[in-house]
Amino acid sequence: MKPKVAFYWCASCGGCEEAVVDLAEKVLDVVAAVDIVFWPVALDFKRKDVEAMPDGSIAAAFINGAIRTSEQEEMAHLLRRKAQVVIAFGACAQTGGIPGLANLYDRESVLAAVYRESPSTANAEGVLPQPHYPVNGEALELPVFHERVRALNQVIPVDYSIPGCPPTPKLLADAVAALLTGRLPERGAVLAPDKALCEECPRRDSKPEKLAIQQFKRPHETLIETDKCLLAQGLLCLGPATRAGCEARCIQGNMPCTGCFGATSRVRDFGAKALSAIASLTGSNDEAEIVQILENIPDPVGSFYRYSLPVAPLPAKRAPAAE
Amino acid sequence: MPETTAPNGQSQAADFEPKIVAFFCNWCTYLAADLAGTSRLRYAPNVRVVRVMCSGRVDPQFVLEAFAQGADGVLIGGCHPGDCHYQEGNYKALRRYHLLRRMLEQMGVEPERFRLEWISASEGERLRAVVNDMVEKVRALGPLRKNAAAQLLEEATVR
């Protein structure tokens, strides 16, 4: 009997599902080797089908997306029960991802922005989603919208994670191969190389011995040379602090690394470490000039905690303060 | 002259004693603290001093971790510009400080809670003034927030 595999999505954009589809013809090898028993984006299995499976009967569950609603939390717990191995698939599941930036704001502000204030919203009565709603004598239910966005391992124990926004098909194929052959590393491991992106960057040779950035530039503010280290061009590239394994895809697309692969095993907190790496490259010893150069990084949290705010050691205080 | 650590005003909670984690460099600020001691200068007992070899050794991760584990303020002390024992370490600290200060503000940490000061080995008096000033400013702000982990747990629960 073939091992059973489940895919599920939580607070995510669908890009991680795309990574599965991007296996292209390799997906046939995967399907030949495993039974996909649950994959809402592509296959018509329901929650009750999963509930009916014996506990531990799924070999591996790949869960992408962060956890914001009660439904996502319930599904995470359900899949944890049914699966022997749970893999946090992609940056959102691993560290909270882009949805995690919403932790800068409290729940009420998020709901107000989405359902009342955004210019494209037509909601004259200002209705907000209600967990319970009676209609024609029946009770309708919606999942509860939690106060904060959480990474998967803040909700259930996670065995492995595959980083990336989204992960590359190669990392997924390697993980499936490791599962099938039982060559999985120690529990808790990140299934990607444990070195910095700069080490596998195709522009590595053009990185100067000593970087001294006089002006930070955002990608739309400059014509980016295609063969020169992006930091040497003043772009905020997080390659020095980010785990490798993405095949430098953004760099090859002539865009700086935004850090979606997260930290290597030597780093506890990606945001603080990435900030440290970049700030140290400021090319001045004069305080006023340093301040001025760094002002060209207008949004430090968004730049350095873009994918990992929910797992930052210091939870952001949400604005406006709810206290 | 012993200085009183209690604020003159009566607006703050009387029982709040701020906890300040201070990273002092081995060559200047730590010696200043030593000098303050041997000179019998008294300053607020709210600082917990961590000696590091250089202010450039202070990883921003240390600062976040200190706040996360209950510090109400973090003070970094280093050598004056040009005086670093390792030539450039204090400039690295300065560059990180300015970016980290702004990031902490975004995360809801007031600027008074995070300071970088140049204090040389001969400036015991200045060390006292800086520590006392910071303790009073942080006292006026009140506690940073509840223990971070407890806060997360509480807020994650279903409403």
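Letters go in sequence order (proteins before strands), and every chain restarts at 1.
Contact count versus chain B (heavy atoms, under 4.5 Å) is highest, among A/I278, A/D286, A/V149, A/D299, for A/D299. When the candidates A/I297, A/T282, A/V301, A/N285 are compared by the number of heavy-atom contacts under 4.5 Å with chain B, A/N285 comes out ahead. Between chain B and the options A/S303, A/G302, A/A272, the largest number of non-hydrogen pairs under 4.5 Å is found for A/A272.
Residue A/T69: no heavy atom, backbone or side chain, is found under 4.5 Å from chain B. Only the backbone of A/P298 comes within contact range of chain B, with at least one heavy atom under 4.5 Å from a heavy atom of that chain. For B/V63, no part sits under 4.5 Å from any heavy atom of chain A, backbone or side chain. Residue A/L309 touches chain B through its side chain alone, counting heavy-atom pairs closer than 4.5 Å. With a threshold of 4.5 angstrom between heavy atoms, B/E105 does not approach chain A through any atom at all. Proximity to chain B involves both the backbone and the side chain of A/L275, based on heavy atoms less than 4.5 angstrom apart.
The distance from the OG1 atom of A/T242 to the NZ atom of A/K273 is 13.0 Å, given to the nearest 0.5 Å.
Ring orientation note: the planes of B/Y97 and B/F114 are tilted relative to one another, at an angle of 30° to 60°.
A salt bridge links B/R115 to B/D133: one of the charged nitrogens lies within less than 4.0 Å of a carboxylate oxygen. Comment: A/E73 engages A/R150 in a salt bridge, judged by a side-chain N to carboxylate O separation of less than 4.0 angstrom. A salt bridge does not link A/E221 to A/R218: none of the charged nitrogens lies less than 4.0 Å from a carboxylate oxygen.
In this structure a side-chain-to-backbone donor-acceptor pair under 3.5 Å is present from A/R243 to A/A192.
With A/S280 as the partner, the side chain to side chain donor-acceptor pair (under 3.5 Å) test is satisfied by one option alone out of B/R96, B/K92, B/E88, B/R95: B/R96.
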